[in-house]
Q: 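Take a look at this one; I'll ask things after.
All heavy atoms count here, side chains included; hydrogens, waters and symmetry mates do not.
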Amino acid sequence: MKALLQLMFACILHSSLSLENGLGRTPQMGWNSWNHFHCSVSARLIMETADAMVSKGLKAAGYQYVNIDDCWQVARFPNNTIKPDHKKFPDMKQLADYVHSKSLKFGLYSDAGTHTCQKRPGSLGYEDIDAETYAGWGVDYLKYDNCNDNGTKPEIRYPVMRDALNKTDKPIFYSVCEWGIDDPATWAPKVGNSWRTTEDIEDNWDSMYSRAVLNDQWWKYAGPGGWNDPDMLEVGNGGMSHNAYIVHFSLWCLMKAPLLIGCDVRSISKDALDILTNSEVIAVNQDPLGVQGHRVKMTTDGAEVWAGPLSGNSVAVILLNSGTKTQNVTAYFSEIGLSADTASVRDLWAHEDQESATNSISRSVHSHSAVMLVLKPF
């Protein structure tokens, strides 16, 4: 009953706050250049990435946005329109058209300050003209950063670009990236389609795990149209073990976090590709009920249970071991919102139905590893 009441509260809260621009009905899926390439971006890279998104099955798995992060812009023209680095990006409209020709969507980056984090021109004071420029190029997604502001709170600066994007009459997904500075979950649902709840992620366990924990506290604020964002995926960049990357992807999917690939998909390994294209785990992320799963239990040894409801009267569960030794992790039905005594069990990484469970489910889990299950009562 307690879990049901929490769910009802979360749904009512989100429906009262959400921005309804028709986008982000499920968390966004795509690719972003920053985690792997930083400022080493070019039109060629973006075209090759779009090609790889198709050829390696990522588009078929649901990833649709191809997003350029910082460093594509260099100055402003005399009429104040933004000037791309023409050596690397000779024709933004042509580049967007190429991405669109692959049935993918094209994204860009700017900043709610005078300059971006890499000292390129930002959009503060130029929101209307930049929004019109982006729409004219065919931009479908804007990541909007928070560097070099004028001392004005994010709650004041970010709605200005929201309004500018809306004036274009072109649907543009609006990703608020203010790093959780002013608790954006409490105000950004009326502003953007997603909002960063953390500082930047790094490709190691401590960074990834801490971002998940920070994001978890805001689970009641997410839902169709607006999502908590603990930053982009590091899967495939090589800094974590295979099991840790499974934890990373499992948590992001359960938390209904944006799934933005951050590795070089042109040369992605089979192991990383298998993680990123696990259709059963992705289905949890894209479940239309849109309730963010959250941590329901943690022991002093790091045995954790994360869970969240899915459509079809099912529950997704992660049995996570954040401790240093292999241990049993147990989830009791009463903890995860199951009212029935018995439930079927589907292991989403083993891709197999397992023996049904009664009242609880337990697995032995290695350190920095996880088991992800879907339970359905009967």
Q: Tell me every residue that passes salt bridge (charged side-chain N to carboxylate O under 4.0 Å, His left out) with Lys143, counting only those two or more places apart in sequence or in another chain.
A: Asp69

Q: What do you reckon, is CD of Gln94 surrounded by more than 12 foreign heavy atoms closer than 6.0 Å?
A: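 No, because the 6.0 Å sphere around CD of Gln94 holds 12 heavy atoms or fewer from other groups.
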
Q: We want to know whether Asp183 and Tyr221 form a side-chain donor-acceptor pair, criterion being a heavy-atom distance below 3.5 angstrom.
A: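 Tyr221 and Asp183 do not have a side-chain donor-acceptor pair below 3.5 Å.
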
Q: Any side-chain heavy-atom pair from Leu251 and Trp306 closer than 4.5 angstrom?
A: yes

Q: Quick one: do Asp163 and Lys167 make a salt bridge, cutoff under 4.0 Å?
A: no

Q: Looking at every non-hydrogen atom in both residues, tell me the closest pair between Trp179 and Asn146 and how far apart they are.
A: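 Heavy-atom minimum between the residues: CH2-O, 3.4 Å.
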
Q: Parallel, tilted or perpendicular for Trp137 and Tyr134, by the 30°/60° rule?
A: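 Answer is tilted, since the angle falls between 30° and 60°.
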
Q: What do you reckon, are the aromatic ring centroids of Tyr158 and Tyr144 less than 6.0 Å apart?
A: yes

Q: Let me see the working for Asp231 and Arg211 under salt bridge (charged side-chain N to carboxylate O under 4.0 Å, His left out), right down to the final yes or no.
A: CA-CA 8 Å; Asp231 206 6; Arg211 301 303 180 269; over 6 Å; no

Q: Is it the case that atom CD in Glu352 sees more than 12 heavy atoms from other parts of the structure closer than 6.0 Å?
A: yes

Q: To the nearest 0.5 Å, what is the distance between OH (Tyr245) and CG (Asp271)?
A: 11.5 Å

Q: Between Asn243 and Ser369, is there a side-chain donor-acceptor contact under 3.5 Å, judged purely by atom types and distance?
A: yes

Q: As an exercise, state the distance from CG of Leu58 to CD1 of Ile268, rounded to the nearest 0.5 Å.
A: 6.0 Å

Q: Taking all heavy atoms of Ser194 and all of Gln28, pick out the closest pair and write down the distance.
A: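 Minimum heavy-atom contact is OG-NE2, 3.0 Å.
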
Q: Can you name the nearest heavy-atom pair linking Phe77 to Ile82, along with the distance?
A: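 It is CE1-O, 3.7 Å.
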
Q: Please test Met372 against Asp347 for side-chain contact (heavy atoms from CB on, under 4.5 Å), starting from the C-alpha separation and ending with a verdict.
A: CA-CA 6 Å; Met372 190 170 187; Asp347 188 313; over 6 Å; no

Q: Is it true that Asp130 and Arg76 make a salt bridge, defined as a side-chain N closer than 4.0 Å to a carboxylate O?
A: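 Yes, charged N to carboxylate O under 4.0 Å.
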
Q: Can a donor-acceptor pair be found between the side chains of Gln354 and Arg363 at a distance below 3.5 Å?
A: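 Yes, because at least one side-chain N or O of Gln354 sits under 3.5 Å from a partner of the opposite role on Arg363.
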
Q: The test is side-chain contact (heavy atoms from CB on, under 4.5 Å); show your working for Glu280 and Val284 and say whether it passes.
A: CA-CA 7 Å; Glu280 295 189 71; Val284 172; over 6 Å; no

Q: Please give me the minimum heavy-atom distance between Thr330 and Val305, naming the atom from each residue.
A: O-CG2, 3.4 Å

Q: How many angstroms lie between atom CG of Asn278 and atom CH2 of Trp349, to the nearest 0.5 angstrom?
A: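 One gets 4.5 Å once the value is rounded to the nearest 0.5 Å.
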
Q: The test is side-chain contact (heavy atoms from CB on, under 4.5 Å); show your working for Lys105 and Val66 and say whether it passes.
A: CA-CA 6 Å; Lys105 296 182 178 181; Val66 180; over 6 Å; no

Q: State whether the number of non-hydrogen atoms from other residues, nucleotides or ligands found under 6.0 Å of Arg266 atom CZ is greater than 12.
A: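 Yes, because the 6.0 Å sphere around CZ of Arg266 holds more than 12 heavy atoms from other groups.
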
Q: Go through the steps for His86 and Asp91 under the test side chain to side chain donor-acceptor pair (under 3.5 Å), then give the verdict.
A: CA-CA 7 Å; His86 282 154; Asp91 191 326; over 6 Å; no

Q: Quick test of your reading of the model: are Lys297 and Glu304 salt-bridged, counting only N-O distances below 4.0 Å?
A: no

Q: Tell me if the centroids of the rings in Trp218 and Trp187 come within less than 6.0 Å of each other.
A: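 Distance test on ring centres: not under 6.0 Å, no.
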
Q: Go through the side-chain N and O atoms of Thr152 and Asn150 and say whether any donor and acceptor fall under 3.5 Å apart.
A: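 Asn150 and Thr152 do have a side-chain donor-acceptor pair below 3.5 Å.
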
Q: Do the charged groups of Asp149 and Lys153 touch, with an N to O distance under 4.0 Å?
A: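 No, this pair does not count.
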
Q: Could you go step by step and tell me if Asn67 and Trp31 meet the side chain to side chain donor-acceptor pair (under 3.5 Å) rule?
A: CA-CA 6 Å; Asn67 296 343; Trp31 174 91; over 6 Å; no

Q: Under 3.5 Å, is there a donor-acceptor pair linking the side chains of Asn79 and Thr81?
A: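 There is such a pair (donor and acceptor under 3.5 Å, judged by atom type) between the side chains of Asn79 and Thr81.
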
Q: Applying the 4.5 Å side-chain criterion to the ILVMFWY set and letting contacts propagate, would Trp72 and Leu124 be lumped into a single cluster?
A: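 In one cluster with Trp72: Leu124, no.
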
Q: Specify the closest pair of heavy atoms between Pro230 and Ala257, including all atoms of both residues, with the distance to one decimal.
A: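 Smallest heavy-atom distance, with atoms named: CD-CB, 3.5 Å.
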
Q: Are Ile129 and Leu142 linked, directly or through intermediate hydrophobic residues, by side-chain heavy-atom contacts shorter than 4.5 Å (ILVMFWY only)?
A: no

Q: Would Gln327 and Asn321 satisfy side chain to side chain donor-acceptor pair (under 3.5 Å), going step by step from the backbone distance to the final call?
A: CA-CA 7 Å; Gln327 60 182 314; Asn321 181 3; 2.8 Å; yes

Q: Less than 4.5 Å apart, side chain to side chain, heavy atoms only: is that true for Ser33 and Tyr109?
A: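 Side chain of Ser33 against side chain of Tyr109, heavy atoms only: no contact under 4.5 Å found.
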
Q: Looking at every heavy atom in both Ala164 and Asp128, which two are closest together, and how far apart are they?
A: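 Taking Ala164 first and Asp128 second, the nearest heavy atoms are CB-OD1, 3.3 Å.
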
Q: Could you give the distance from NE2 (His115) to CG (Asp145), rounded to the nearest 0.5 Å?
A: 14.0 Å

Q: Verify the neighbour count for atom NE2 of His366: are there more than 12 heavy atoms of other residues, nucleotides or ligands below 6.0 Å?
A: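 At most 12 heavy atoms, drawn from other residues, nucleotides or ligands, come within 6.0 Å of this atom.
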
Q: Within this structure, what is the OG-CD distance for the pair Ser123 and Gln73, rounded to the nearest 0.5 Å?
A: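 So the gap between those two atoms works out to 8.0 Å.
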
Q: Checking side chain to side chain donor-acceptor pair (under 3.5 Å) for the pair Thr197/Asn215: CA distance, chi angles, key distance, verdict?
A: CA-CA 6 Å; Thr197 56; Asn215 187 69; 2.7 Å; yes

Q: For the residue pair Trp252 and Asn285, confirm or rule out a side-chain donor-acceptor distance under 3.5 Å.
A: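 No - no donor-acceptor pair under 3.5 Å links their side chains.
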
Q: Could you check whether atom CD of Glu155 has more than 12 heavy atoms from other residues, nucleotides or ligands sitting under 6.0 Å from it?
A: yes

